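Here's the structure we're looking at; comments come further down.
From a predicted model like this one, the values you see are computed outputs, not experimental measurements. Numbered from 1 within each chain, the chains take letters A, B, ... in sequence-line order.
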Number of protein chains: 2
Amino acid sequence: MQDSQTSETTQKTIEETIVSGILSAKIRPGTRLSENQLATLFGVSRTRVREAMMRLETRGIVHVSPRRGWFVVEPSAEEAIAVYEARRVIEAGLLRSMRVLTDEGRKALDAHLNEEKTAMAAGDRQRLTYLMGDFHIRIAELSGNAIIVDILRDLTARTILISMLYQSEFHAAQSHDGHCRIFEAMQAGDFVRAAELSVDHLDEVEMGLDLTTRPDPLSELRSSLSLPPKTVPSVSQLSDPKNHNIKGAIKTC
Amino acid sequence: MQDSQTSETTQKTIEETIVSGILSAKIRPGTRLSENQLATLFGVSRTRVREAMMRLETRGIVHVSPRRGWFVVEPSAEEAIAVYEARRVIEAGLLRSMRVLTDEGRKALDAHLNEEKTAMAAGDRQRLTYLMGDFHIRIAELSGNAIIVDILRDLTARTILISMLYQSEFHAAQSHDGHCRIFEAMQAGDFVRAAELSVDHLDEVEMGLDLTTRPDPLSELRSSLSLPPKTVPSVSQLSDPKNHNIKGAIKTC
DNA sequence: CTTTCCTGTCTTGTATGCAAGATAGCCAGA
DNA sequence: TCTGGCTATCTTGCATACAAGACAGGAAAG
């Protein structure tokens, strides 16, 4: 039995609900999050909704436009690049630091990859989006380091928002293949290789984005008026995503 | 001219003030942060103080004990280990991903290391603590990736809290030496070596901690009653800090 | 038809008030 | 002296009230 009223729920539910909504691609970037609506929806006052929004803001998930409203972030092309770069840095660093893959870990990843395969067969795109992001979180969980898990979860949420904005087609098979390769390297105990594969995988996904289409509708106008671009974290000195050979081949593992 | 009233200041000042107070070791772990006191201090109402506290809480800087108060976090030994592990992962991953050290970058780091030397000569411990942490943030800034900079800034703040809790002596010369080595490797364009040195450096600092003394005063009682330890992110599968040869030699560079 | 301005409505920003738990200190009783 | 309990006070938790900016829509002027 399920109340239509979601009250009685504990403190962090608003935050978690929104994040998991994003992780499963049920909430689109730019979605308006009205304090009043959320308040009535969750059966609390605006105060608590605001607290959740503030937390989500520091996590880079939502932003507020003063006296206009809260919105799920719409990462710019520059921010998208920075997110992928951060993920490459952290995930590769994490894999390189690993020494063993425990049997539990192996089982967990194996089960996860099977879920991916099942969802692919079923064509369940939302679930697939969730699983594709969750794979990386699972790897972080193997490390047992809660700090890194939290960081990667938030970055994954942003990644999903990015793909909803800039990803024309969803290359699920390709991603699944990348995950399998990483898993294989881990099973072989070759974590350096796993790290490299992880970088390649993120490069592939990033290169599957069309970062020229959507950035902001004003970009052309903005540049023709020679106004400064929005907020540009320069990434010049970091490694660019390599021109990796993208093999479209579907390989089940 | 300086108002005793710090009102009129902009939104994020409370948050930033506290963080920079921690980064410069002026605020100790466990410090009580009363909403009322901060409110009068900053000339605002409790509402805005609370917002700042919530943000700091999601950043891992403060925590709230329900209806007792807000406190600057006192990381447990396990959390301390997790923080250092996260820093090793991220900083090594970052250095490995770098390709060039620009001339500005070289100058910035060089200037920083000179500041460290000056502060060491002056014996200004608070400033030294700040600079020792800031070095790592400077490196992150070189990457131009704002996401990584923010993450490392918060981790550095936590690191400083950890050293205030667990560090008996302050091996400034040793840290400075480590920074110099990293800088030299970067200048030589050997970022892989820089990453390794960074890991070694963090290992050194971590091993300079006495993680058995302070954890919580109840740990003995707790274990003798066989209660579960507080909140333990297991780090078993991650590389342990290596038994690196700690050379106490002071080397100016 | 276009432009400008005005006003009503909706949004967040901020302060404040009250509820309720936690704590310290005191007092009484053994 | 020690123990138990009561109360005054301080803390955060949460809701609400009001302020003030943003915006849409319509009316009036050109």
List every contact pair, protein side and nucleotides 20-24 of chain C side both N or O, where the distance is under 3.5 Å.
unit_1, atom_1, unit_2, atom_2, d
C:dA20, N3, B:Arg67, NH1, 3.4
C:dG21, O4', B:Arg67, NE, 3.3
C:dT23, OP1, B:Arg68, NE, 3.2
C:dT23, OP1, B:Arg68, NH1, 2.8

>> Quick check on salt bridge (Lys or Arg N to Asp or Glu O under 4.0 Å): which of A:Arg68, A:Arg48, A:Arg46 does A:Glu35 satisfy it with?
In response: A:Arg46

>> If I take atom CZ in residue B:Arg46 and atom P in nucleotide D:dC10, what distance separates them, rounded to the nearest angstrom?
In response: 14 Å

> Nearest-Å distance, CZ (A:Arg32) to P (D:dC23)?
Replying inline: 10 Å

>> Can you measure B:Met54 atom CE to D:dT12 atom C1' for me and round it to whole angstrom units?
In response: 9 Å

> Taking atom P of D:dT11 as reference, at what distance in whole Å does atom CE of B:Met53 sit?
Replying inline: 14 Å

>> What is the separation between atom CD on B:Glu35 and atom P on C:dT14, rounded to the nearest whole Å?
In response: 16 Å

> So, A:Arg158 and A:Glu79, do they make that salt bridge, N to O below 4.0 Å?
Replying inline: no

>> Tell me every residue that passes salt bridge (Lys or Arg N to Asp or Glu O under 4.0 Å) with B:Arg87, counting only those two or more places apart in sequence or in another chain.
In response: B:Glu91

>> Taking A:Glu85 first and then A:Arg88, would you say they form a salt bridge - that is, a charged N and a carboxylate O separated by under 4.0 Å?
In response: yes

> Roughly how far apart are A:Tyr130 OH and A:Glu115 CD, rounded to 0.5 Å?
Replying inline: 8.5 Å

> In whole Å, what is the span from the CG atom of A:Asn36 to the P atom of C:dT12?
Replying inline: 7 Å

> Who are the side chain to side chain contact (heavy atoms under 4.5 Å, CB included) partners of A:Val19, not counting sequence neighbours?
Replying inline: A:Leu23, A:Leu56, A:Arg59

>> Is it the case that D:dT11 (base atoms only) and B:Ser34 (side chain only) share a donor and an acceptor within less than 3.5 Å, ignoring hydrogens and angles?
In response: no

> What is the distance, rounded to the nearest whole Å, between atom CD1 of B:Ile14 and atom P of C:dT14?
Replying inline: 10 Å

> Can you check the A:Trp70 CH2 to C:dT11 P distance for me, whole Å?
Replying inline: 15 Å

>> For D:dA15 and A:Ser45 - does any side-chain N or O of the residue sit under 4.0 Å from the phosphate oxygens OP1/OP2?
In response: yes

